[in-house]
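See structure below.
Labels below follow one simple rule: chain letters A, B, ... track the order of the sequence lines, proteins then strands, and each chain is numbered from 1. Hydrogens, waters and symmetry mates play no part in the numbers below; they use all other heavy atoms, side chains included. Here the structure is a predicted model, which means the values were calculated and not measured.
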2 protein chains.
Amino acid sequence: MSKIRIFLVDDHQLVRDGIKALLISAEDLLILGEASSGRECFEKIALDPPDILILDISLPDTNGIEITKRITVEYPEMRVLILSMYTNEDFIFNSVKAGARGYLPKNTSREELLSAIHAIYEGEEFFSDTISRIMLKSYVRKAKEDDLSPQRGPIPLTSREIEILKLFAEGYINKEISDQLDISIRTVETHKNHIMKKLELKSTVELIKYAIRNKIVEL
Amino acid sequence: MSKIRIFLVDDHQLVRDGIKALLISAEDLLILGEASSGRECFEKIALDPPDILILDISLPDTNGIEITKRITVEYPEMRVLILSMYTNEDFIFNSVKAGARGYLPKNTSREELLSAIHAIYEGEEFFSDTISRIMLKSYVRKAKEDDLSPQRGPIPLTSREIEILKLFAEGYINKEISDQLDISIRTVETHKNHIMKKLELKSTVELIKYAIRNKIVEL
DNA sequence: ATTTCCCTTAAGAAATTCACGTAAGATCAC
DNA sequence: GTGATCTTACGTGAATTTCTTAAGGGAAAT
């Protein structure tokens, strides 16, 4: 049975040594090599590509997220495990977005690190409890925003105005709107002016954006 | 110390009895009452509002998500715990969106149910492992979509065209664009015509939507 | 009953856009 | 070098929108 080949990227010697010490006793793992910068990382893995790349977020010449992006393009088979002291939601989100398969905080345990390595080697995703909690918070926040945003500013428009705004933002020109609603084109214009004044919008562009933001039309 | 007041909504007698049996021995909980439909639920809680509402998703006259929505409006202090046999991502998302504080699958354990009740009573959110996993999957999926979508259709526009489109979609009129870029207004018009033809867009409205979709401008 | 708000219509003037066509210099790939 | 593409630019007439001002009728509120 072949071992899981691992490459380590972190700019602190001590951290790399610590991780190696934790992993050395694991029979099925093989530490292929290590690097302390993005440049060094790509030079070395080009010669001998690992299965798993363990990446720190902050590095001298670049960052783990940028490396992850390049990896997913250049080595689609390679799995990236982010190991970072930052548990900031943006870092997590962007890491996942960039293609990372796992994310662990640096104060993780040996057991968790091993679980993570095995999980992502098997094609799973792995996030530590701390990270999962942050992701869940974010999930909840997003779901709530999704609910609140459409009605945060109660729409002060009349139903007729909304009707006209809807058609306009769907791409109909005034003439078509007036035909559809069987009213004069002048009326359509007046309505639009009213809307713009009410909402203090200065251009039709803003009008369209308003309609989209307030879910009067689909994007 | 006052007990946590609980109200149960599920259309199956057996399920309600099962939950009651699980909770009856918990000293700090008080089962206020139960209902088998949305209508019955609102009638009863109006008389004696509970702290926590345990809700099934599927009900004869409505569903748990609709009830949750009404609860968050009419009883903002009341916490909703969804207990459903469905672990569908949409149900979970919409439940959270509607204001549910927790979500458990029906095959949950007594311990987990108690943990959930206590957690959401304390103002926390609670999701079982199964549900958390689904939420995480969704998180990952969304992060990936967020990454893929902007480049699904490679933008066939030149950098100058993108520049013009950006300014236009930001709300500048042609004259302002021509001033900013120090080119003729005719040129701005020509560029816009080129863009519209390339993308087969029929109106400026579509042009703006295109710019937003492709993240050339913020909404 | 009076007021207020909404919907409607209207029109002229100014500004803007649209839809054509035309064209010339720059850059880049073959 | 040659052709293709990009960028720049102009013209013209028609279409459209925008701005502004004005006003009547109906419905709802006070």
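- In this structure, the nucleotide among D:dA9, D:dC19, C:dA11 sitting nearest to the side chain of A:N193 is D:dC19.
- Of the side-chain N and O atoms in A:K192, one or more sit less than 4.0 angstrom from OP1 or OP2 of D:dT18.
- One interatomic measurement links the two molecules: CZ of A:R186 to C1' of D:dT21, which rounds to 13 Å at whole-angstrom precision.
- Both tests pass for B:R70 against the ring of B:F42: distance under 6.0 Å to the centre and angle within 45° of the axis.
- Side-chain N/O atoms of B:R160 include one lying less than 4.0 angstrom from OP1 or OP2 on D:dT8.
- Atom CD1 of B:I177 and atom P of D:dT8 are 13 Å apart (whole Å).
- For A:I173, the side-chain atoms get nearest to D:dT17 when compared with the rest of D:dT8, C:dT8, D:dT17.
- Residue B:T187 is in base contact, counting any heavy-atom pair closer than 4.0 Å across all strands shown.
- Proximity note for B:T190 (side chain, C-beta onward) versus C:dA10, D:dT18, D:dA9: the nearest is D:dA9.
- Among the protein residues, B:K175 comes within range of no part of the nucleic acid, since none of its heavy atoms lies under 4.0 Å from any strand.
- Look at CD1 on A:I183: it is 11 Å from P on C:dA10, rounded to the nearest Å.
- Place A:K198 and A:I185 on DNA chain C by their nearest nucleotides, and A:K198 ends up nearer the 5' end.
- Between the side chain of A:R79 and the backbone N or O of A:I120, at least one donor-acceptor pair lies under 3.5 Å.
- Listed pair B:S184 / D:dC10 meets the phosphate criterion, a side-chain N or O lying under 4.0 Å from OP1 or OP2.
- No donor-acceptor pair closer than 3.5 Å links the side chain of A:T187 to the backbone N or O of A:I183.
- Residues A:E189 and A:H194 each lie close to DNA chain D; by heavy-atom proximity, the contact nearer the 5' end of the strand is made by A:E189.
- Checking side-chain atoms of A:N63 against main-chain N and O of A:L59 turns up no donor-acceptor pair under 3.5 Å.
- Across the protein-nucleic acid pair, A:N174 atom CG and C:dA15 atom P stand 19 Å apart, rounded to whole Å.
- Ring geometry for B:Y139 versus A:F93: interplanar angle over 60°, hence perpendicular rather than tilted (30 to 60°).
- The nucleotide whose nearest atom lies closest to any side-chain atom of B:H191 is, among C:dC18, D:dT8, D:dT12, D:dT8.
- Atom CD of A:E206 and atom P of D:dT18 are 13 Å apart (whole Å).
- Here the closest non-hydrogen pair linking A:M85 and A:K106 is N-CG, 3.7 Å.
- For A:I164 and C:dC7, the CD1 to P distance is 9 Å, given to the nearest whole Å.
- Among D:dC10, C:dT9, D:dT7, the nucleotide with an atom closest to any side-chain atom of B:E161 is D:dT7.
- Proximity note for B:T204 (side chain, C-beta onward) versus D:dA9, C:dT17, C:dC7: the nearest is C:dT17.
- For the pair B:I195 CD1 and D:dT7 C1', the interatomic distance rounds to 13 Å; values are reported in whole Å.
- Rounded to a whole Å, the CZ atom of A:F168 is 11 Å from the C1' atom of D:dT16.
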